[in-house]
Every structure is written in structure tokens, then in C-alpha cells.
Amino acid sequence: MENGAVMVNETSSQNEQVARLGEEMLAWIKALLKTQEIIPNAVQEQMLDSHVRAMAFRSVTGEPLPEVDASLFEEISQDSMRLAEQAVAKFGNLPVEEAWLLSVHFEVAKDND
């Protein structure tokens with residue numbers, strides 16, 4: 001029974017860590033986008049939120065991404081990729097593939113008027 005309680009506490013602590021990191025990174029990324037005058041619409045913001053929270057989960061748990069094909073991101077602008085790389089670097093422990101995926105959110109939001 002003690003082992004079960006420890007696992008619950010570890011899971012609870014891990015969930016809190018994921019939630020905290022997700023909130024911190026969302027705020028940081030939204031501020032970064034604002035400095036670049038990139039404003040996601042409501043749907044884009046919801047998708048970005050979900051993705052950043054998943055990134056926080058992977059950062060805390062070490063769960064890997066499925067394999068990602070770099071060629072799918074060749075048309076992403078260097079500006080969007082650079083911003084995404086900054087965000088991924090802020091996490092400190094995520095692979096470059098995370099930036100590729102995140103850059104799509106930025107690229108799509110740049111087209112809003």
C-alpha cells in the first residue's frame with residue numbers, strides 16, 4: 001500500500017509540475033508572439049495551448065515524440081522557425097523536432113489580419 005501512495009504522490013507532483021511549466025511557457029510564448037505582432041485567433045490559441053501543454057508533459061516526463069519528417073517543414077519561414085527554436089530552447093530539454101511542430105502554429109497565426 002505504501003508503494004501505491006508514493007506513486008500517487010509522485011504522479012500528483014508530476015502533474016503539478018507539468019501544469020506549472022505549461023502555464024509558464026504559455027505565458028512566455030504568448031509574450032514572445034506579441035512582440036512580433038503575431039496574434040493567434042481563438043481556435044489557433046486553443047491549439048497552441050494544447051500543444052504547449054503537451055510539450056510541458058514531454059519535458060517533465062521524458063516521453064519522446066513520434067518520429068517527425070523534417071521535409072514537412074521546409075516551407076516554414078525562418079522567422080517562425082527561429083521563434084519556435086527560442087521557445088523549445090527555453091524548455092531546455094526538448095528535441096529540435098518540437099520546434100518544427102511548434103513553428104507551424106506561429107506560421108499559421110502570422111497570416112491573421
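Just so you know, these numbers come straight off a predicted model, no measurement behind them. What you see below is based on every heavy atom in this structure, not just the backbone, and it leaves out hydrogens, waters and symmetry mates. Counting begins at 1 with the first residue of the sequence.
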In the single-linkage hydrophobic clustering (I, L, V, M, F, W, Y; side-chain heavy atoms under 4.5 Å), do Leu72 and Val104 co-cluster?
yes
Can you tell me if Asp79 and Ser77 form a side-chain donor-acceptor pair at under 3.5 Å?
no
Can you find a pair of side-chain heavy atoms, one from Glu97 and one from Glu67, that are under 4.5 Å apart?
no
Pair up each side-chain donor or acceptor in residues 81-93 with any protein partner under 3.5 Å, not counting sequence neighbours, and list the distances.
residue: Asn93; atom: OD1; partner: Ser59; partner atom: OG; Å: 2.6
residue: Asn93; atom: ND2; partner: Ser59; partner atom: O; Å: 2.8
residue: Asn93; atom: ND2; partner: Ser59; partner atom: OG; Å: 3.4

Using atom types as modelled and distance alone, determine if a side-chain donor or acceptor of Ser50 lies under 3.5 Å from a backbone N or O of Met47.
no
For Thr35, the side chain to side chain donor-acceptor pair (under 3.5 Å) test, sequence neighbours excluded, returns none
Please tell me if the side chains of Val68 and Phe73 come closer than 4.5 Å, counting only heavy atoms from C-beta onward.
yes
Closest approach of Asp69 to Trp100 (non-hydrogen atoms, all atoms of both residues)
C-CZ3, 4.4 Å
Heavy-atom closest contact (Ala109 atom, Pro40 atom, distance):
CB-CA, 3.9 Å
Let me check something: do Trp28 and Ile38 share a hydrophobic cluster, defined by ILVMFWY side-chain heavy atoms less than 4.5 Å apart, either directly or through other members?
yes
Check whether any side-chain heavy atom of His51 sits under 4.5 Å from a side-chain heavy atom of Glu98, and report yes or no.
yes
Within one Ile-Leu-Val-Met-Phe-Trp-Tyr cluster: Met55 and Leu101, side-chain cutoff 4.5 Å
no
Before you tell me yes or no, could you show the steps for Glu37 and Lys110 under salt bridge (Lys or Arg N to Asp or Glu O under 4.0 Å), namely the whole-Å CA-CA distance, both residues' side-chain angles and the distance that decides it to 0.1 Å?
CA-CA 8 Å; Glu37 298 180 0; Lys110 283 172 39 177; over 6 Å; no
Please name the residue in the list Leu26, Leu48, Val18 that meets the side chain to side chain contact (heavy atoms under 4.5 Å, CB included) test with Arg53.
Leu26
Would Asp49 and Glu23 count as a side chain to side chain contact (heavy atoms under 4.5 Å, CB included) here? Give the steps.
CA-CA 9 Å; Asp49 288 2; Glu23 289 299 321; over 6 Å; no
Within the 3.5 Å criterion, strictly below it, is a donor on Gln14 or Thr61 matched to an acceptor on the partner's side chain?
no
Measuring from Asn112:CG to Gln44:CD, what's the distance to the nearest 0.5 Å?
4.0 Å
Within one Ile-Leu-Val-Met-Phe-Trp-Tyr cluster: Val96 and Ile76, side-chain cutoff 4.5 Å
yes
Just how far is it from atom CD of Glu24 to atom CD1 of Ile29, taken to the nearest 0.5 Å?
11.5 Å
Cluster check Leu102, Met25: I/L/V/M/F/W/Y, side chain < 4.5 angstrom
yes
When you measure from the side chain of Gln36 to the backbone N and O of Leu33, does any donor-acceptor pair fall under 3.5 Å?
no
